[in-house]
Protein chains: 2
Amino acid sequence: MTDDPSEDATRTLAEPAVGPASSLVADGLASDALVTLFGRCTVDYEGRAASELGPGDRHVMLKPDGAALVHTDEGQKPVNWQPPGCTHECRVDDGALVIESRRETPDERLEIRFSDVAHVAVFRPTDEETLELEGTEADLKDRILSEPSLVESGFRPLATERETPAGAVDVYGEDSEGRTTVLELKRRRVGPDAVGQLDRYVAALERDLHADAEVRGILVAPSVTERARSLLAEQGLEFVSLTPRD
Amino acid sequence: MTDDPSEDATRTLAEPAVGPASSLVADGLASDALVTLFGRCTVDYEGRAASELGPGDRHVMLKPDGAALVHTDEGQKPVNWQPPGCTHECRVDDGALVIESRRETPDERLEIRFSDVAHVAVFRPTDEETLELEGTEADLKDRILSEPSLVESGFRPLATERETPAGAVDVYGEDSEGRTTVLELKRRRVGPDAVGQLDRYVAALERDLHADAEVRGILVAPSVTERARSLLAEQGLEFVSLTPRD
DNA sequence: CGCTGGATGTCGCAG
DNA sequence: CTGCGACGTCCAGCG
(Lines give C-alpha, C1' and ligand atoms only; values in the text may rest on other atoms or scores of the structure.)
Protein backbone atom coordinates (compact mmCIF):
# COMPACT_ATOMS: atom_id res chain seq x y z
CA MET A 1 0.00 0.00 0.00
CA THR A 2 1.37 3.42 -0.99
CA ASP A 3 0.18 6.95 -0.36
CA ASP A 4 -0.79 7.32 -3.99
CA PRO A 5 -4.45 8.27 -3.76
CA SER A 6 -5.15 6.39 -6.98
CA GLU A 7 -4.50 3.21 -5.02
CA ASP A 8 -7.47 3.47 -2.73
CA ALA A 9 -9.52 6.60 -3.28
CA THR A 10 -12.65 6.98 -5.34
CA ARG A 11 -12.05 8.91 -8.57
CA THR A 12 -14.76 10.38 -10.77
CA LEU A 13 -15.25 12.40 -13.93
CA ALA A 14 -18.40 14.34 -14.84
CA GLU A 15 -19.30 14.86 -18.49
CA PRO A 16 -15.78 13.93 -19.55
CA ALA A 17 -14.41 14.07 -23.07
CA VAL A 18 -13.84 10.66 -24.60
CA GLY A 19 -10.08 10.72 -24.03
CA PRO A 20 -10.05 11.37 -20.29
CA ALA A 21 -12.98 9.02 -19.79
CA SER A 22 -11.15 6.26 -21.60
CA SER A 23 -8.01 6.87 -19.57
CA LEU A 24 -9.80 6.66 -16.26
CA VAL A 25 -11.65 3.49 -17.25
CA ALA A 26 -8.40 1.93 -18.45
CA ASP A 27 -6.68 2.88 -15.20
CA GLY A 28 -9.48 1.38 -13.18
CA LEU A 29 -9.48 -1.86 -15.15
CA ALA A 30 -5.70 -2.15 -14.90
CA SER A 31 -5.75 -1.64 -11.13
CA ASP A 32 -8.51 -4.13 -10.28
CA ALA A 33 -10.98 -1.46 -9.32
CA LEU A 34 -14.74 -1.39 -9.72
CA VAL A 35 -15.56 0.93 -12.62
CA THR A 36 -18.95 2.47 -13.34
CA LEU A 37 -20.09 4.48 -16.32
CA PHE A 38 -23.31 6.26 -17.07
CA GLY A 39 -24.28 7.62 -20.45
CA ARG A 40 -25.89 7.06 -23.80
CA CYS A 41 -24.90 3.72 -25.28
CA THR A 42 -25.84 0.77 -27.44
CA VAL A 43 -25.19 -2.82 -26.38
CA ASP A 44 -24.45 -5.84 -28.54
CA TYR A 45 -24.05 -9.38 -27.27
CA GLU A 46 -23.08 -12.56 -29.05
CA GLY A 47 -22.49 -15.90 -27.38
CA ARG A 48 -24.82 -18.58 -26.03
CA ALA A 49 -27.51 -16.42 -27.58
CA ALA A 50 -27.32 -13.02 -29.29
CA SER A 51 -28.91 -9.66 -28.56
CA GLU A 52 -29.04 -6.04 -29.61
CA LEU A 53 -30.08 -3.01 -27.63
CA GLY A 54 -30.58 0.39 -29.25
CA PRO A 55 -29.35 3.70 -27.83
CA GLY A 56 -30.36 4.77 -24.33
CA ASP A 57 -28.95 6.17 -21.07
CA ARG A 58 -27.77 3.28 -18.92
CA HIS A 59 -25.55 2.37 -16.01
CA VAL A 60 -22.57 0.08 -16.59
CA MET A 61 -20.56 -1.67 -13.90
CA LEU A 62 -17.25 -3.43 -14.51
CA LYS A 63 -16.08 -5.54 -11.57
CA PRO A 64 -12.50 -6.46 -10.71
CA ASP A 65 -13.39 -10.16 -11.04
CA GLY A 66 -14.26 -9.62 -14.71
CA ALA A 67 -18.03 -9.35 -14.42
CA ALA A 68 -19.89 -6.70 -16.42
CA LEU A 69 -23.43 -5.43 -15.81
CA VAL A 70 -25.59 -3.10 -17.88
CA HIS A 71 -28.59 -1.71 -16.02
CA THR A 72 -31.55 0.25 -17.33
CA ASP A 73 -34.07 2.08 -15.14
CA GLU A 74 -36.06 -1.09 -14.63
CA GLY A 75 -35.56 -4.59 -13.37
CA GLN A 76 -33.53 -6.38 -10.79
CA LYS A 77 -31.51 -8.15 -13.45
CA PRO A 78 -29.15 -6.33 -15.81
CA VAL A 79 -30.44 -5.98 -19.38
CA ASN A 80 -27.07 -7.31 -20.57
CA TRP A 81 -24.14 -8.75 -18.69
CA GLN A 82 -20.99 -10.79 -18.72
CA PRO A 83 -20.10 -13.30 -15.97
CA PRO A 84 -16.98 -13.13 -13.76
CA GLY A 85 -13.77 -14.19 -15.48
CA CYS A 86 -14.15 -12.02 -18.54
CA THR A 87 -11.52 -9.68 -19.91
CA HIS A 88 -12.60 -6.07 -20.28
CA GLU A 89 -11.07 -3.63 -22.72
CA CYS A 90 -11.69 0.06 -23.25
CA ARG A 91 -10.97 1.90 -26.48
CA VAL A 92 -11.98 4.96 -28.45
CA ASP A 93 -13.50 4.17 -31.81
CA ASP A 94 -14.85 6.79 -34.20
CA GLY A 95 -15.36 9.25 -31.35
CA ALA A 96 -17.18 6.72 -29.21
CA LEU A 97 -16.02 5.12 -25.97
CA VAL A 98 -16.26 1.36 -26.45
CA ILE A 99 -16.14 -1.23 -23.69
CA GLU A 100 -15.56 -4.74 -24.93
CA SER A 101 -15.79 -7.78 -22.69
CA ARG A 102 -14.83 -11.26 -23.82
CA ARG A 103 -14.54 -14.78 -22.54
CA GLU A 104 -14.02 -18.26 -23.95
CA THR A 105 -15.78 -21.57 -23.15
CA PRO A 106 -18.21 -20.52 -24.16
CA ASP A 107 -17.04 -17.90 -26.62
CA GLU A 108 -18.94 -14.77 -25.65
CA ARG A 109 -18.55 -11.13 -26.42
CA LEU A 110 -20.27 -8.01 -25.12
CA GLU A 111 -19.78 -4.59 -26.69
CA ILE A 112 -21.01 -1.39 -25.07
CA ARG A 113 -20.65 1.65 -27.29
CA PHE A 114 -21.03 5.04 -25.62
CA SER A 115 -21.89 7.98 -27.87
CA ASP A 116 -21.93 10.16 -24.76
CA VAL A 117 -20.48 9.58 -21.30
CA ALA A 118 -22.14 11.50 -18.49
CA HIS A 119 -20.15 10.06 -15.64
CA VAL A 120 -17.26 7.72 -14.88
CA ALA A 121 -16.28 6.50 -11.43
CA VAL A 122 -13.58 4.21 -10.07
CA PHE A 123 -14.21 2.59 -6.68
CA ARG A 124 -12.21 0.29 -4.41
CA PRO A 125 -14.60 -2.16 -2.80
CA THR A 126 -13.47 -4.37 0.05
CA ASP A 127 -14.96 -7.72 0.92
CA GLU A 128 -13.68 -8.85 4.30
CA GLU A 129 -17.04 -10.06 5.47
CA THR A 130 -19.01 -13.01 4.18
CA LEU A 131 -22.77 -13.13 4.03
CA GLU A 132 -24.49 -14.97 6.86
CA LEU A 133 -27.66 -16.46 5.42
CA GLU A 134 -30.30 -18.55 7.11
CA GLY A 135 -33.52 -20.10 5.98
CA THR A 136 -31.95 -22.29 3.27
CA GLU A 137 -32.52 -25.91 2.36
CA ALA A 138 -29.40 -26.77 4.35
CA ASP A 139 -31.09 -25.35 7.44
CA LEU A 140 -34.13 -27.51 6.78
CA LYS A 141 -31.86 -30.55 6.48
CA ASP A 142 -30.14 -29.71 9.78
CA ARG A 143 -33.51 -29.33 11.44
CA ILE A 144 -34.57 -32.78 10.27
CA LEU A 145 -31.31 -34.49 11.19
CA SER A 146 -31.40 -33.05 14.70
CA GLU A 147 -35.06 -33.98 15.17
CA PRO A 148 -36.13 -36.71 12.70
CA SER A 149 -39.53 -37.11 14.35
CA LEU A 150 -40.48 -33.80 12.74
CA VAL A 151 -40.83 -35.82 9.55
CA GLU A 152 -42.52 -38.81 11.12
CA SER A 153 -42.43 -40.70 14.36
CA GLY A 154 -39.76 -43.38 14.10
CA PHE A 155 -38.01 -42.01 11.03
CA ARG A 156 -34.28 -42.69 11.13
CA PRO A 157 -31.94 -40.82 8.74
CA LEU A 158 -29.07 -43.02 7.54
CA ALA A 159 -27.34 -40.83 4.97
CA THR A 160 -27.53 -37.50 3.18
CA GLU A 161 -26.78 -36.94 -0.49
CA ARG A 162 -26.92 -40.70 -1.04
CA GLU A 163 -26.21 -41.50 -4.66
CA THR A 164 -28.73 -43.25 -6.92
CA PRO A 165 -28.61 -43.86 -10.67
CA ALA A 166 -30.90 -40.83 -11.01
CA GLY A 167 -28.86 -38.52 -8.81
CA ALA A 168 -28.27 -37.87 -5.11
CA VAL A 169 -31.15 -38.08 -2.63
CA ASP A 170 -31.32 -35.29 -0.04
CA VAL A 171 -31.99 -37.61 2.93
CA TYR A 172 -32.00 -41.42 2.87
CA GLY A 173 -33.31 -43.44 5.80
CA GLU A 174 -35.77 -45.93 7.22
CA ASP A 175 -39.22 -45.59 8.72
CA SER A 176 -40.35 -47.22 11.95
CA GLU A 177 -41.11 -50.44 10.05
CA GLY A 178 -37.70 -50.61 8.44
CA ARG A 179 -38.86 -49.52 5.00
CA THR A 180 -36.41 -47.52 2.91
CA THR A 181 -37.62 -43.91 2.96
CA VAL A 182 -36.16 -41.02 0.98
CA LEU A 183 -36.80 -37.32 1.50
CA GLU A 184 -36.69 -34.53 -1.04
CA LEU A 185 -36.32 -31.20 0.75
CA LYS A 186 -37.41 -27.77 -0.48
CA ARG A 187 -37.08 -24.52 1.39
CA ARG A 188 -40.29 -23.10 -0.09
CA ARG A 189 -43.65 -24.06 -1.56
CA VAL A 190 -43.11 -26.52 -4.38
CA GLY A 191 -44.64 -27.36 -7.73
CA PRO A 192 -44.60 -30.34 -10.09
CA ASP A 193 -40.86 -30.18 -10.71
CA ALA A 194 -40.03 -31.31 -7.16
CA VAL A 195 -42.47 -34.21 -7.46
CA GLY A 196 -40.77 -35.33 -10.66
CA GLN A 197 -37.43 -35.15 -8.90
CA LEU A 198 -38.59 -37.26 -5.95
CA ASP A 199 -40.27 -39.72 -8.31
CA ARG A 200 -37.04 -40.20 -10.27
CA TYR A 201 -35.11 -40.99 -7.09
CA VAL A 202 -37.72 -43.44 -5.77
CA ALA A 203 -37.98 -45.24 -9.10
CA ALA A 204 -34.19 -45.47 -9.39
CA LEU A 205 -33.88 -46.88 -5.88
CA GLU A 206 -36.63 -49.45 -6.43
CA ARG A 207 -34.79 -50.61 -9.55
CA ASP A 208 -31.44 -50.54 -7.77
CA LEU A 209 -32.54 -52.54 -4.72
CA HIS A 210 -34.91 -55.45 -5.35
CA ALA A 211 -37.73 -55.69 -7.81
CA ASP A 212 -40.08 -56.18 -4.88
CA ALA A 213 -38.51 -53.44 -2.78
CA GLU A 214 -40.98 -50.88 -1.53
CA VAL A 215 -39.44 -47.43 -1.25
CA ARG A 216 -41.32 -44.56 0.37
CA GLY A 217 -40.77 -41.07 -1.01
CA ILE A 218 -41.62 -38.04 1.11
CA LEU A 219 -41.54 -34.47 -0.14
CA VAL A 220 -40.69 -32.14 2.74
CA ALA A 221 -41.51 -28.47 2.16
CA PRO A 222 -43.61 -25.67 3.66
CA SER A 223 -46.45 -26.42 1.22
CA VAL A 224 -47.30 -27.80 -2.22
CA THR A 225 -49.39 -26.56 -5.13
CA GLU A 226 -52.60 -28.39 -6.02
CA ARG A 227 -51.10 -29.92 -9.17
CA ALA A 228 -48.08 -31.12 -7.24
CA ARG A 229 -50.37 -32.66 -4.65
CA SER A 230 -52.26 -34.65 -7.28
CA LEU A 231 -49.02 -35.77 -8.92
CA LEU A 232 -47.80 -36.97 -5.54
CA ALA A 233 -50.98 -38.97 -5.06
CA GLU A 234 -50.72 -40.55 -8.51
CA GLN A 235 -47.19 -41.66 -7.84
CA GLY A 236 -47.93 -42.95 -4.35
CA LEU A 237 -45.65 -40.33 -2.83
CA GLU A 238 -46.18 -38.41 0.39
CA PHE A 239 -45.88 -34.88 1.71
CA VAL A 240 -44.82 -33.46 5.06
CA SER A 241 -45.08 -29.75 5.82
CA LEU A 242 -41.95 -28.25 7.35
CA THR A 243 -40.16 -24.90 7.06
CA PRO A 244 -36.43 -24.21 7.25
CA ARG A 245 -36.89 -21.89 10.24
CA ASP A 246 -38.88 -21.80 13.51
CA MET B 1 -40.22 19.02 -18.24
CA THR B 2 -38.64 22.22 -16.88
CA ASP B 3 -35.23 23.81 -17.22
CA ASP B 4 -34.36 22.81 -13.68
CA PRO B 5 -31.18 20.81 -14.12
CA SER B 6 -32.22 18.53 -11.27
CA GLU B 7 -34.89 17.22 -13.60
CA ASP B 8 -32.53 15.55 -16.03
CA ALA B 9 -28.87 16.08 -15.20
CA THR B 10 -26.59 13.75 -13.29
CA ARG B 11 -25.79 15.00 -9.79
CA THR B 12 -23.00 13.69 -7.59
CA LEU B 13 -21.39 14.23 -4.21
CA ALA B 14 -17.89 13.11 -3.24
CA GLU B 15 -17.14 12.29 0.40
CA PRO B 16 -20.27 14.09 1.53
CA ALA B 17 -21.31 14.69 5.11
CA VAL B 18 -24.29 12.61 6.16
CA GLY B 19 -26.77 15.46 5.84
CA PRO B 20 -26.08 16.45 2.23
CA ALA B 21 -25.76 12.81 1.23
CA SER B 22 -29.14 12.05 2.75
CA SER B 23 -30.70 15.05 1.02
CA LEU B 24 -29.43 14.05 -2.39
CA VAL B 25 -30.55 10.45 -1.98
CA ALA B 26 -33.97 11.60 -0.81
CA ASP B 27 -34.25 13.97 -3.78
CA GLY B 28 -33.30 11.19 -6.15
CA LEU B 29 -35.80 8.75 -4.67
CA ALA B 30 -38.56 11.37 -4.72
CA SER B 31 -37.93 12.22 -8.37
CA ASP B 32 -37.81 8.66 -9.76
CA ALA B 33 -34.12 8.77 -10.47
CA LEU B 34 -31.53 6.00 -10.30
CA VAL B 35 -29.47 6.54 -7.15
CA THR B 36 -26.09 4.99 -6.44
CA LEU B 37 -24.02 5.09 -3.29
CA PHE B 38 -20.58 3.81 -2.49
CA GLY B 39 -19.13 3.54 0.98
CA ARG B 40 -18.67 1.51 4.12
CA CYS B 41 -21.87 -0.20 5.17
CA THR B 42 -23.50 -3.15 6.83
CA VAL B 43 -26.51 -4.93 5.31
CA ASP B 44 -29.35 -6.73 7.03
CA TYR B 45 -32.10 -8.63 5.29
CA GLU B 46 -35.21 -10.29 6.65
CA GLY B 47 -37.92 -11.86 4.54
CA ARG B 48 -38.21 -15.16 2.69
CA ALA B 49 -34.88 -15.88 4.34
CA ALA B 50 -32.65 -13.71 6.55
CA SER B 51 -29.07 -12.52 6.25
CA GLU B 52 -26.42 -10.35 7.81
CA LEU B 53 -23.37 -8.79 6.21
CA GLY B 54 -20.66 -7.11 8.29
CA PRO B 55 -18.99 -3.81 7.41
CA GLY B 56 -17.31 -3.33 4.04
CA ASP B 57 -17.05 -0.93 1.11
CA ARG B 58 -19.83 -1.69 -1.35
CA HIS B 59 -21.84 -0.28 -4.22
CA VAL B 60 -25.56 0.28 -3.78
CA MET B 61 -28.04 0.96 -6.57
CA LEU B 62 -31.62 2.10 -6.02
CA LYS B 63 -33.77 1.99 -9.13
CA PRO B 64 -36.82 4.12 -9.89
CA ASP B 65 -38.92 0.95 -10.15
CA GLY B 66 -38.16 0.14 -6.52
CA ALA B 67 -35.40 -2.39 -7.01
CA ALA B 68 -32.32 -2.27 -4.76
CA LEU B 69 -28.95 -3.91 -5.40
CA VAL B 70 -25.91 -4.22 -3.15
CA HIS B 71 -22.74 -5.22 -4.99
CA THR B 72 -19.37 -6.26 -3.61
CA ASP B 73 -16.19 -6.57 -5.67
CA GLU B 74 -17.13 -10.08 -6.76
CA GLY B 75 -19.93 -11.87 -8.49
CA GLN B 76 -22.48 -11.19 -11.14
CA LYS B 77 -25.27 -11.31 -8.59
CA PRO B 78 -25.69 -8.70 -5.87
CA VAL B 79 -24.79 -9.91 -2.37
CA ASN B 80 -28.12 -8.51 -1.18
CA TRP B 81 -31.06 -7.09 -3.06
CA GLN B 82 -34.70 -6.18 -3.13
CA PRO B 83 -36.97 -6.77 -6.14
CA PRO B 84 -38.83 -4.06 -8.11
CA GLY B 85 -41.90 -2.67 -6.39
CA CYS B 86 -40.26 -1.94 -3.07
CA THR B 87 -40.43 1.37 -1.22
CA HIS B 88 -37.08 2.94 -0.41
CA GLU B 89 -36.50 5.35 2.44
CA CYS B 90 -33.42 7.28 3.46
CA ARG B 91 -32.76 8.58 6.95
CA VAL B 92 -29.96 9.59 9.27
CA ASP B 93 -29.71 7.49 12.38
CA ASP B 94 -27.03 7.91 15.04
CA GLY B 95 -24.71 9.61 12.55
CA ALA B 96 -25.17 6.88 9.96
CA LEU B 97 -26.93 7.11 6.60
CA VAL B 98 -29.54 4.36 6.52
CA ILE B 99 -31.34 3.10 3.44
CA GLU B 100 -34.38 1.01 4.20
CA SER B 101 -36.29 -0.89 1.53
CA ARG B 102 -39.56 -2.67 2.22
CA ARG B 103 -42.24 -4.62 0.49
CA GLU B 104 -45.23 -6.76 1.41
CA THR B 105 -46.41 -10.12 0.04
CA PRO B 106 -44.04 -11.38 1.03
CA ASP B 107 -43.07 -9.12 3.90
CA GLU B 108 -39.44 -8.26 3.26
CA ARG B 109 -37.08 -5.65 4.56
CA LEU B 110 -33.56 -4.64 3.61
CA GLU B 111 -31.50 -2.22 5.69
CA ILE B 112 -28.24 -0.74 4.47
CA ARG B 113 -26.40 1.25 7.12
CA PHE B 114 -23.55 3.47 5.93
CA SER B 115 -20.97 4.48 8.51
CA ASP B 116 -19.15 6.36 5.74
CA VAL B 117 -20.36 7.51 2.34
CA ALA B 118 -17.64 7.98 -0.26
CA HIS B 119 -19.87 8.86 -3.18
CA VAL B 120 -23.49 9.51 -4.07
CA ALA B 121 -24.84 9.90 -7.59
CA VAL B 122 -28.27 10.53 -9.07
CA PHE B 123 -28.80 9.48 -12.69
CA ARG B 124 -31.70 9.75 -15.14
CA PRO B 125 -31.75 6.59 -17.23
CA THR B 126 -33.96 6.32 -20.29
CA ASP B 127 -35.34 3.12 -21.70
CA GLU B 128 -36.85 3.77 -25.13
CA GLU B 129 -35.36 0.66 -26.66
CA THR B 130 -36.26 -2.94 -25.93
CA LEU B 131 -33.78 -5.78 -26.02
CA GLU B 132 -33.78 -7.90 -29.16
CA LEU B 133 -32.78 -11.41 -28.16
CA GLU B 134 -32.43 -14.46 -30.35
CA GLY B 135 -31.41 -18.03 -29.68
CA THR B 136 -34.22 -18.75 -27.20
CA GLU B 137 -36.49 -21.74 -26.82
CA ALA B 138 -39.16 -19.80 -28.73
CA ASP B 139 -36.76 -19.64 -31.70
CA LEU B 140 -36.28 -23.40 -31.49
CA LYS B 141 -40.05 -23.88 -31.51
CA ASP B 142 -40.43 -21.60 -34.56
CA ARG B 143 -37.74 -23.57 -36.33
CA ILE B 144 -39.55 -26.84 -35.72
CA LEU B 145 -42.99 -25.52 -36.66
CA SER B 146 -41.69 -24.14 -39.95
CA GLU B 147 -39.80 -27.34 -40.75
CA PRO B 148 -41.16 -30.30 -38.74
CA SER B 149 -39.00 -32.80 -40.61
CA LEU B 150 -36.06 -31.44 -38.61
CA VAL B 151 -37.47 -33.51 -35.75
CA GLU B 152 -38.35 -36.55 -37.81
CA SER B 153 -39.58 -37.32 -41.28
CA GLY B 154 -43.38 -37.27 -41.24
CA PHE B 155 -43.79 -35.51 -37.93
CA ARG B 156 -46.86 -33.27 -37.91
CA PRO B 157 -47.27 -30.62 -35.18
CA LEU B 158 -50.91 -30.23 -34.13
CA ALA B 159 -50.68 -27.85 -31.19
CA THR B 160 -48.28 -25.94 -28.97
CA GLU B 161 -48.63 -25.52 -25.23
CA ARG B 162 -51.26 -28.25 -25.22
CA GLU B 163 -52.58 -28.80 -21.71
CA THR B 164 -52.20 -32.09 -19.86
CA PRO B 165 -52.95 -32.91 -16.20
CA ALA B 166 -49.22 -32.52 -15.60
CA GLY B 167 -48.84 -29.18 -17.37
CA ALA B 168 -48.54 -27.82 -20.89
CA VAL B 169 -46.55 -29.72 -23.51
CA ASP B 170 -44.26 -27.60 -25.71
CA VAL B 171 -45.27 -29.27 -28.98
CA TYR B 172 -48.01 -31.86 -29.45
CA GLY B 173 -48.37 -33.79 -32.70
CA GLU B 174 -48.38 -37.08 -34.58
CA ASP B 175 -45.65 -39.13 -36.18
CA SER B 176 -45.86 -40.63 -39.69
CA GLU B 177 -47.77 -43.61 -38.28
CA GLY B 178 -50.35 -41.49 -36.53
CA ARG B 179 -48.97 -42.04 -33.04
CA THR B 180 -49.34 -39.21 -30.55
CA THR B 181 -45.92 -37.60 -30.17
CA VAL B 182 -44.94 -34.86 -27.74
CA LEU B 183 -41.82 -32.72 -27.79
CA GLU B 184 -40.05 -31.07 -24.88
CA LEU B 185 -37.79 -28.31 -26.18
CA LYS B 186 -34.65 -26.95 -24.55
CA ARG B 187 -32.41 -24.23 -25.94
CA ARG B 188 -29.27 -25.78 -24.46
CA ARG B 189 -27.73 -29.05 -23.33
CA VAL B 190 -30.04 -30.74 -20.84
CA GLY B 191 -29.74 -32.86 -17.73
CA PRO B 192 -32.05 -35.18 -15.77
CA ASP B 193 -34.57 -32.46 -14.92
CA ALA B 194 -35.75 -32.14 -18.52
CA VAL B 195 -36.19 -35.91 -18.77
CA GLY B 196 -38.36 -35.86 -15.68
CA GLN B 197 -40.41 -33.09 -17.21
CA LEU B 198 -40.98 -34.97 -20.47
CA ASP B 199 -41.73 -38.16 -18.57
CA ARG B 200 -44.44 -36.42 -16.53
CA TYR B 201 -46.14 -35.15 -19.68
CA VAL B 202 -46.03 -38.52 -21.45
CA ALA B 203 -47.35 -40.38 -18.41
CA ALA B 204 -50.15 -37.85 -17.96
CA LEU B 205 -51.17 -38.10 -21.61
CA GLU B 206 -51.16 -41.90 -21.57
CA ARG B 207 -53.46 -41.79 -18.55
CA ASP B 208 -55.61 -39.10 -20.12
CA LEU B 209 -56.12 -40.83 -23.46
CA HIS B 210 -56.64 -44.58 -23.34
CA ALA B 211 -54.99 -47.10 -21.11
CA ASP B 212 -53.60 -48.73 -24.23
CA ALA B 213 -52.52 -45.45 -25.82
CA GLU B 214 -48.91 -45.35 -26.87
CA VAL B 215 -47.44 -41.88 -26.59
CA ARG B 216 -43.99 -41.05 -27.91
CA GLY B 217 -41.92 -38.47 -26.03
CA ILE B 218 -39.04 -36.73 -27.74
CA LEU B 219 -36.60 -34.42 -26.02
CA VAL B 220 -35.34 -31.83 -28.51
CA ALA B 221 -32.16 -30.01 -27.48
CA PRO B 222 -28.61 -29.41 -28.70
CA SER B 223 -27.33 -32.31 -26.57
CA VAL B 224 -27.93 -34.32 -23.39
CA THR B 225 -25.78 -35.38 -20.46
CA GLU B 226 -24.93 -39.04 -20.02
CA ARG B 227 -27.21 -39.45 -17.04
CA ALA B 228 -30.07 -37.82 -18.92
CA ARG B 229 -29.46 -40.17 -21.83
CA SER B 230 -29.73 -43.25 -19.63
CA LEU B 231 -32.85 -41.90 -17.94
CA LEU B 232 -34.38 -41.36 -21.37
CA ALA B 233 -33.61 -44.95 -22.31
CA GLU B 234 -35.13 -46.32 -19.09
CA GLN B 235 -38.35 -44.41 -19.70
CA GLY B 236 -38.55 -45.34 -23.36
CA LEU B 237 -38.13 -41.72 -24.38
CA GLU B 238 -36.19 -40.36 -27.35
CA PHE B 239 -33.77 -37.57 -28.14
CA VAL B 240 -33.30 -35.40 -31.21
CA SER B 241 -30.40 -32.96 -31.49
CA LEU B 242 -31.40 -29.49 -32.62
CA THR B 243 -30.22 -25.95 -31.77
CA PRO B 244 -32.27 -22.74 -31.66
CA ARG B 245 -30.10 -21.10 -34.31
CA ASP B 246 -28.34 -21.97 -37.60
C1' DC C 1 -13.48 -28.46 -17.14
C1' DG C 2 -18.56 -30.80 -17.06
C1' DC C 3 -22.46 -32.52 -14.19
C1' DT C 4 -25.95 -31.68 -10.81
C1' DG C 5 -29.34 -29.25 -8.17
C1' DG C 6 -30.27 -25.06 -5.06
C1' DA C 7 -31.70 -20.08 -5.16
C1' DT C 8 -34.18 -14.46 -0.82
C1' DG C 9 -33.37 -17.21 -7.77
C1' DT C 10 -35.82 -13.45 -11.40
C1' DC C 11 -39.05 -12.90 -15.09
C1' DG C 12 -43.03 -13.18 -18.09
C1' DC C 13 -47.38 -15.12 -19.07
C1' DA C 14 -51.73 -17.26 -18.19
C1' DG C 15 -55.79 -18.40 -15.21
C1' DC D 1 -52.79 -12.72 -6.87
C1' DT D 2 -50.87 -17.73 -7.58
C1' DG D 3 -49.07 -21.29 -10.74
C1' DC D 4 -45.91 -22.72 -13.96
C1' DG D 5 -41.78 -23.07 -16.63
C1' DA D 6 -37.81 -20.55 -19.20
C1' DC D 7 -33.46 -18.30 -18.35
C1' DG D 8 -27.49 -15.94 -22.30
C1' DT D 9 -30.34 -18.13 -15.60
C1' DC D 10 -26.03 -17.73 -11.62
C1' DC D 11 -23.67 -20.41 -8.26
C1' DA D 12 -21.31 -23.85 -5.21
C1' DG D 13 -19.84 -28.37 -4.66
C1' DC D 14 -17.91 -32.44 -6.44
C1' DG D 15 -15.64 -35.69 -9.68
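So that the names make sense, note that chain A is the first sequence line, chain B the second, and so on, each numbered from 1.
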Can you identify which nucleotide, out of [options], has its nearest atom closest to the [X] side chain?
X: Glu137(A); options: dG6(C), dG5(D), dC11(C); result: dG6(C)
X: Ala49(A); options: dA6(D), dG8(D), dT8(C); result: dG8(D)
X: Thr225(B); options: dC4(D), dC3(C), dA7(C); result: dC3(C)
X: Gln76(B); options: dC11(D), dT10(C), dG8(D); result: dC11(D)
X: Thr136(B); options: dG5(C), dT8(C), dC7(D); result: dC7(D)

Taking [Y]'s backbone N and O only, do any of them form a donor-acceptor pair with [X]'s side chain (distance below 3.5 Å, no angle check)?
X: Lys63(A); Y: Thr72(B); value: yes
X: Asp65(B); Y: Pro84(B); value: no
X: His88(B); Y: Ala67(B); value: yes
X: Thr42(A); Y: Pro55(A); value: no

Practice task
Look at the rings of Phe38(B) and His59(B) and say which category their plane angle falls in: under 30° parallel, 30 to 60° tilted, over 60° perpendicular.
Solution key: tilted

For [N], take OP1 and OP2 only and decide whether either is under 4.0 Å from a side-chain N or O of [X].
X: Tyr201(B); N: dG5(D); result: yes
X: Lys186(B); N: dA6(D); result: yes
X: Arg189(A); N: dG3(D); result: yes
X: Arg187(A); N: dT8(C); result: no
X: Arg48(B); N: dT10(C); result: yes
X: Trp81(A); N: dC10(D); result: yes

Rounded to the Å, how far apart are [X] [atom1] and [N] [atom2]?
X: Arg162(A); N: dT4(C); atom1: CZ; atom2: P; value: 18 Å
X: Glu134(A); N: dG6(C); atom1: CD; atom2: C1'; value: 18 Å
X: Asp44(B); N: dT8(C); atom1: CG; atom2: P; value: 16 Å
X: Leu131(A); N: dA7(C); atom1: CG; atom2: C1'; value: 13 Å
X: Leu140(B); N: dA6(D); atom1: CG; atom2: P; value: 12 Å
X: Leu69(B); N: dT10(C); atom1: CG; atom2: P; value: 11 Å
X: Asp193(B); N: dG9(C); atom1: CG; atom2: P; value: 18 Å
X: Glu226(B); N: dG2(C); atom1: CD; atom2: C1'; value: 12 Å

Exercise for the section: Identify, between Asn80(B) and Pro192(B), the residue whose nearest nucleotide on DNA chain C lies closer to the 5' end. Expected result: Pro192(B)

Handout entry: Residue whose nearest DNA chain C nucleotide is more 5′ - Glu163(B) or Tyr45(B)
Key = Tyr45(B)

What does [X] touch in the nucleic acid at a heavy-atom separation under 4.0 angstrom: a base, only the sugar-phosphate, or nothing?
X: Gly135(B); value: nothing
X: Ala194(A); value: nothing
X: Pro84(B); value: sugar-phosphate
X: Glu184(B); value: sugar-phosphate
X: Gln197(B); value: sugar-phosphate

Problem - From Glu108(A), Arg109(A), Gln82(A), Glu52(A), residue fulfilling side chain to side chain donor-acceptor pair (under 3.5 Å) relative to Tyr45(A) - result: Glu108(A)

Handout entry: dT8(C) versus dT4(C) - spacing of their P atoms, nearest Å
Key = 23 Å

Handout entry: First of Arg188(B) and Arg227(A) reached from the 5' end of DNA chain D, by closest nucleotide
Key = Arg227(A)

Exercise for the section: Would you kindly compare Lys77(A) and Pro78(B) by the position of their nearest DNA chain D nucleotide and give the one closer to the 5′ end? Expected result: Lys77(A)

Problem - Contact check, side chains of Thr225(B) and Pro192(B), non-hydrogen atoms, under 4.5 Å - result: yes

